[in-house]
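Down below is the structure, laid out as structure tokens.
Each ligand, and each atom within it, is numbered from 1 in the order the structure gives. Quick note: numbers below take in every heavy atom, side chains included, and nothing from hydrogens, waters or symmetry partners.
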Amino acid sequence: MGCFATGVTIITLDLDGEVHGMTANAFASVSLDPLLVLVCVDHNTKTHAHLHAKKRFGINVLGEDHRAISEYYARPERTHERAEAEAGARFDRTKHGTPMLNGSLAYLECRLHSSQPAGDHTIFIAEVEDVVVRDGDPLLFFKGKYRKVGGDVEK
Ligand SMILES: Cc1cc2nc3c(=O)[nH]c(=O)nc-3n(C[C@H](O)[C@H](O)[C@H](O)COP(=O)(O)O)c2cc1C
């Protein structure tokens with residue numbers, strides 16, 4: 001799977017007023033009408049339990065300057081309080097109370113549609129209720145390393 005280049009997202013959800021975030025690249029589009037997306041989450045993560053309990057979350061698509069944020073939200077021992085100081089991550093709240101990362105390339109407000117256990121992960125499918133898109137280039141992940149977009153491919 002390392003040969004398959006992806007973008008990088010942070011899944012965000014509200015936990016009693018605190019931001020919980022998790023780095024995820026197993027993210028994909030599922031359907032255009034209705035607008036559905038999926039994310040695959042390891043059974044052993046805290047996020048797995050939170051998604052089942054909350055049923056609402058955000059998907060934040062990272063830009064090329066967000067490597068530190070990706071690394072931070074992949075660390076098991078991270079805290080909400082240190083996110084800004086250590087990774088520069090700041091959040092606004094949507095009208096649903098979901099944390100939205102400042103400066104991400106795109107934000108999707110998601111409501112859980114269904115979930116399907118699959119091996120040691122669960123596929124969470126969500127309906128997208130709101131979308132915010134900004135200009136910029138993405139953070140990419142390829143063969144275990146962070147990359148950025150190169151030039152166009154010639155014919
Ligand atoms: C680039 C990158 C992509 C990741 N993608 C996923 C993913 O799609 N699904 C997943 O379950 N974990 C993924 N992880 C690992 C989680 O971010 C990591 O296990 C995290 O600490 C889980 O946090 P939690 O236990 O607080 O939920 C990824 C990590 C990195 C660095």
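When hydrophobic residues (I, L, V, M, F, W, Y) are linked wherever their side-chain heavy atoms come within less than 4.5 Å, the members clustered with Val39 are Ile11, Leu13, Leu15, Met22, Phe27, Leu32, Leu35, Val37, Val41, Leu51, Phe57, Ile59, Leu108, Leu112, Phe124, Val128, Val131, Val133.
With respect to Arg67 and Glu71, a salt bridge is recorded, a charged nitrogen being found less than 4.0 Å from a carboxylate O. The pair Arg147-Glu64 does not count as a salt bridge, with every side-chain nitrogen at least 4.0 angstrom from each carboxylate oxygen.
With Ile123 as reference, Cys40 is the one residue of Ser115, Ser114, Pro117, Cys40 to meet the side chain to side chain contact (heavy atoms under 4.5 Å, CB included) rule.
Closer than 4.0 angstrom to ligand 1 by heavy atom are His20, Met22, Thr23, Ala24, Asn25, Ala26, Cys40, Val41, Asp42, Thr45, Lys46, Thr47, Tyr73, Ala74, Arg75, Pro76, Arg78, His121, Phe141, Tyr146, sorted by chain and number.
Residues forming a side chain to side chain donor-acceptor pair (under 3.5 Å) with Glu127 (at least two apart in sequence, or on another chain): none. With sequence neighbours excluded, no residue forms a salt bridge (Lys or Arg N to Asp or Glu O under 4.0 Å) with Arg134.
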